[in-house]
Engineer: 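Could you have a look at this structure, given as C-alpha cells, before my questions?
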Amino acid sequence: MPDPVTSPPPPGPAPADRPARSPWPRFALLVAILAAVTGSLLLWSPTALLDGGLSDGTPWYWRVPLFTAVYAVGTVAFFPRPALNAAAGLLLGVQQGLLLAVLGTTLGAAIAFGLARWLGQDALRRFLRGRLLLALDRRFTDQGFRSILLLRLLPGLPFQAATYGAAVSGVRFPPFILATALGVVPVTAVYVAAAATAREPGSTGFLISAGLIGLMTLVGLVPVLRAALRRRRAVQA
C-alpha cells in the first residue's frame, strides 16, 4: 500500500489560460483624464495664474516649480504653447523664460507620453493598418530620436499630436524626451524673445522675433496650401 505522505498527488486538470485583459477600460480612463484636464481650463487660465503668481518679488525657488507645473499641465490640457511661451517672456525675460518654458514643455510632454503609453498604446496599436501607418511606426521605432527631433522642429505641427503619435508607436522614452527638449528650443526661443521685447516694438530683437514668427507661420501653411492645390487639380481633372 503506497505511503500517503510520500506518494505524489494525482494529476488534476491543467489550469485554464487566463483571458487577456481588454485594453479599452484603460483607454476610457485616458480619455476621461484628458477630458477632465482640458475641461478644467474653463475654471482657470494658465497665463492668468502665472501673471498673478509670478511677481517681481517672488523668490526663484518658487518661480521654478510654479511656472514648470503650470506650463506642464497647460501642455497636457492642449493649451496653446505660443501663449505660454509669451507669458514666459513677459514675466521672466528671455533667459529665464526660455529655460523654464523648455523645462515645462519637456515635463508636459513626458506626462502626456506616459499617460498615452500606459493607458492607450495597447488599444490604439490595433488600428495600425496600411503601408503608410506601418512605415511610420517602423520609422519611429527604429529612428526614434531623429524622427521626434524633426517633428519638434516643424513649426506648424500640433505639439500634442506628435506626442501621442510617438506614445502609440514603439519609440523609447529616453530618446523621446531628449529629442523633445532639444527640438522645442528654436520655436520656443522665438516666442519668448518676441514677448520679452514687445514693450519696445522698434527694437532689433522684437523685429527679428516677429519676422521669424511670420516666417514660421508661412512654413506651417505650406503643407495646407499644397493639399488644397492637389484637391483643386483632382476636381478639375
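If you read the sequence from its start, that first residue is 1, and numbering goes on from there.
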Engineer: Got more than 12 heavy atoms from elsewhere within 6.0 Å of CH2, W44?
Structural biologist: yes
Engineer: Measure the shortest side-chain to side-chain distance between P186 and L153 over non-hydrogen atoms and say whether it is less than 4.5 angstrom.
Structural biologist: yes
Engineer: Is the side chain of R117 donor-acceptor paired with the backbone N or O of S169 at a distance under 3.5 Å, no angle test?
Structural biologist: yes
Engineer: Just grab all the salt bridge (charged side-chain N to carboxylate O under 4.0 Å, His left out) pairs involving residues 22-46, residues at least two apart or on different chains.
Structural biologist: R26-D122
Engineer: For a 4.5 angstrom cut-off between non-hydrogen side-chain atoms, does W118 reach L29?
Structural biologist: no
Engineer: So L41 and F79, do their side chains get closer than 4.5 Å, heavy atoms only?
Structural biologist: yes
Engineer: Can you sort out the partners of V184 under side-chain contact (heavy atoms from CB on, under 4.5 Å), two or more places apart, ordered by chain and number?
Structural biologist: R81, V102, T105, R152, F159, T180, T188
Engineer: Do you reckon V94 sits in the same ILVMFWY cluster as L50, going by side-chain contacts under 4.5 Å, direct or chained?
Structural biologist: no
Engineer: Just so I know, are the side chains of P175 and I148 near enough to count as touching, which here means a heavy-atom distance under 4.5 Å?
Structural biologist: no
Engineer: When rounded to the nearest 0.5 angstrom, what distance separates CG in L119 from CG in L124?
Structural biologist: 10.5 Å
Engineer: Compare all side-chain heavy atoms of V171 with those of F113 and state whether any distance is below 4.5 angstrom.
Structural biologist: yes
Engineer: Heavy-atom distance under 4.5 Å between the side chains of T163 and Q160, does that happen here?
Structural biologist: yes
Engineer: When you compare the side chain of L150 with that of F145, does any pair of heavy atoms fall below 4.5 Å?
Structural biologist: no
Engineer: With a 6.0 Å cut-off (strictly less than), is the heavy-atom count around CZ of R125, excluding the residue itself, greater than 12?
Structural biologist: yes
